[in-house]
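For reference, the structure discussed in these notes is given below.
Ligands are counted one by one from 1 in listed order, and the atoms in each one are counted from 1 as well. Side chains included, hydrogens not; waters and symmetry mates left out as well; all remaining heavy atoms used.
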Amino acid sequence: MAALLTSNRVLIAFLLGLAMLPLFAAQFTVTIVNYIGLYALVALGLVLLTGIGGLTSFGQAAFVGLGAYATAYLTTRHGMSPWGTLIVGMVITTAVSLALGFITLRLSGHFLPLGTIAWGISLYFIFGNVQALGGHGGIDGIPPVDLFGLELGSSRAFFYVIWITLLAAIITTQNMLDSREGRAMRCLRAMTMTEAMGINTLRYRMVLFMIAAQFACVSGWLYAHLQRFVNPTPFSLGQGIEYLFMAVLGGASAVWGAVFGATAVSFLKEWLQDWLPKLLGATGNFEMVVFGLLTIVVLHRARDGLWPILLRVFAIVAPQRQQMREVEPALPLPRRDAPAPGSEVLRVIEVTKRFGGLVANNKMNLTVRAGEVMALIGPNGAGKSTLFNCISGVNPATEGEIRFMGKRIDQLGSREIAKLGMSRSFQHVRLNQDMTVLENAAIGAHLRGRKNFVQSAWRLDREEERRLLWEAAHQLQRCGLGEHLFDTCGSLPLGKQRIVEIARALCSDPTLLLLDEPAAGLRHLEKRALAELLAKLRGEGMAILLVEHDMDFVMGLADRVLVMEFGEYLAEGLPQEIQTNPKVLEAYLGGVDE
Ligand code: ADP
Ligand code: MG
């Protein structure tokens, strides 16, 4: 709490200082701080894109140019009002970013950076070569913005427009990140898991790309009306790279990192441009070399940039990480209709999965009923996780049929299957280690919320958000993690992280729960508690399919056991049958039991 107060005080002092600045500071300072505001807005988009979404764009300067040229052209040639041109610019930016995103974001990793480079270069040449846009000479005579009849012609007056816009962007971005939509965005790097929770990762990558482009476009619009003149130079690929430096140096994982990065790079650039030519005895863009080297050092030594280091130095808590210490009670979320007890939930028919020449699953069959715990056992490499991946759509079957709640699902993706009411945990834990336990569990409840990113940016999602978090807290409490709600997942031992995965799966209100080695890494008492929880869920009518190596755990809990070996069916039966089955004893338990 004290830390929070300190950070709020720092924030208030910063804002007061900022508000007073144009009243007292020299023209030079006002100009620089105006530019920092413009840069920070673009860098903020990159924080979302790169730091949150794990995507890289070199082409943000081109979006800035789009915003600037749209208003320059339309206000000077067609006499449109700047407010109108802002909307036109944003509409064009939406169209371009959607088209560009549509082409590149479906492809893996480096296609987006390459696509943005191509886009950055071509737009720059268009600005320079189209006569209607003034060629390399550019467009001048751009009118000032007026607000309620007040003309904001001076850079001191415009200072407030820039910084209020930036602060609004920061606040709405923070709001968005602290919501159901933001949690999905923060998990985009763990694509397999995120899709398995029913989240459309492509949609969120698109949204991030579009928002980043809009921030750049608005920055360009502001730039044009501050400068009242545009030419192609500030929208080059080089400037696009500089924006990336700002985001990475400042700290791509925190929204304030954008402001810090823009400030640091701007001042450093001024200073380097003064000193480097004197030092080297020649002129040139040497500062870019320094920035490049600095970025490499930062990426090696401080992945999250300089902002987190700054925070640590001042020992304050980041204002955007509100340390919420309790979960507000809320109405429970609506639940899906449960199948009749004993009815068939899952049927796997002759499923085969091949990895090249390797047959990991060969003609597997199994059924799971509502209110039943079915255990899948077998030595390492038997193909248990592979079968889980086929069933949950994470890595679909090569042949065979899978029916879930009577519907054929073997051709569906994991996201569609999740929507039908199947949820799973992973053998190798897939959590966002930097998010809290509560937030990680809430990812599982994603499909039970409806509010979109615009609503969350404006805090119109709070009622629903309370219900989602309340659900997550409830499931975590059931799983025995009530004390850890606000710890980061990375701080928990691996065994407990597995339990977070179970709670996350439960948050989706599943009909069928798939658990891949849930008891691995748990201590004796924790295992007992887990067995009790699973027995309780079974009592409530849930169907559970689990893979587990701990035989005491399996035999004490499971209703039926299926044994696999070398990707094939070996035996199936009641636990006591399996324990005495000679084939199983020989192949699997052989030597261990006796
Ligand atoms: P289990 O979970 O029973 O220990 P797995 O299902 O993980 O076994 O693996 C079964 C076999 O399939 C192993 O030989 C493993 O090497 C292989 N395998 C699993 N996943 C892949 C993959 N993505 N690509 C190629 N081979 C795989
Ligand atoms: Mg496995």
Test the Arg205-Phe209 pair against the cation-pi criterion, namely NZ or CZ under 6.0 angstrom from the six-membered ring centroid and within 45° of the ring axis.
no
When you check ligand 1 against the protein, what N or O pairs turn up below 3.5 Å? List the atom names and distances, or just say none.
unit_1, atom_1, unit_2, atom_2, d
ligand 1, 2 (O), Ser385, N, 2.9
ligand 1, 2 (O), Ser385, OG, 2.9
ligand 1, 3 (O), Ala382, N, 3.2
ligand 1, 3 (O), Gly383, N, 2.9
ligand 1, 3 (O), Lys384, N, 2.8
ligand 1, 3 (O), Lys384, NZ, 2.9
ligand 1, 4 (O), Gly381, N, 2.8
ligand 1, 6 (O), Ser385, N, 3.4
ligand 1, 6 (O), Thr386, N, 2.8
ligand 1, 6 (O), Thr386, OG1, 2.5
ligand 1, 8 (O), Gly383, N, 3.2

Is there a side-chain contact between Ile409 and Arg403, using heavy atoms and a 4.5 Å cut-off?
no
Take the Mg ion (ligand 2) and tell me which protein N, O or S atoms are nearer than 2.8 Å.
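The answer, once waters are left aside, is Ser385 OG, Gln427 OE1.
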When you check the gap from the basic side-chain N to the acidic O, do [X] and [Y] get nearer than 4.0 Å?
X	Y	answer
Arg560	Glu372	yes
Glu465	Arg183	yes
Glu501	Arg430	no
Arg448	Glu464	no
Lys536	Glu540	yes
Arg203	Glu181	yes
Lys527	Asp550	yes

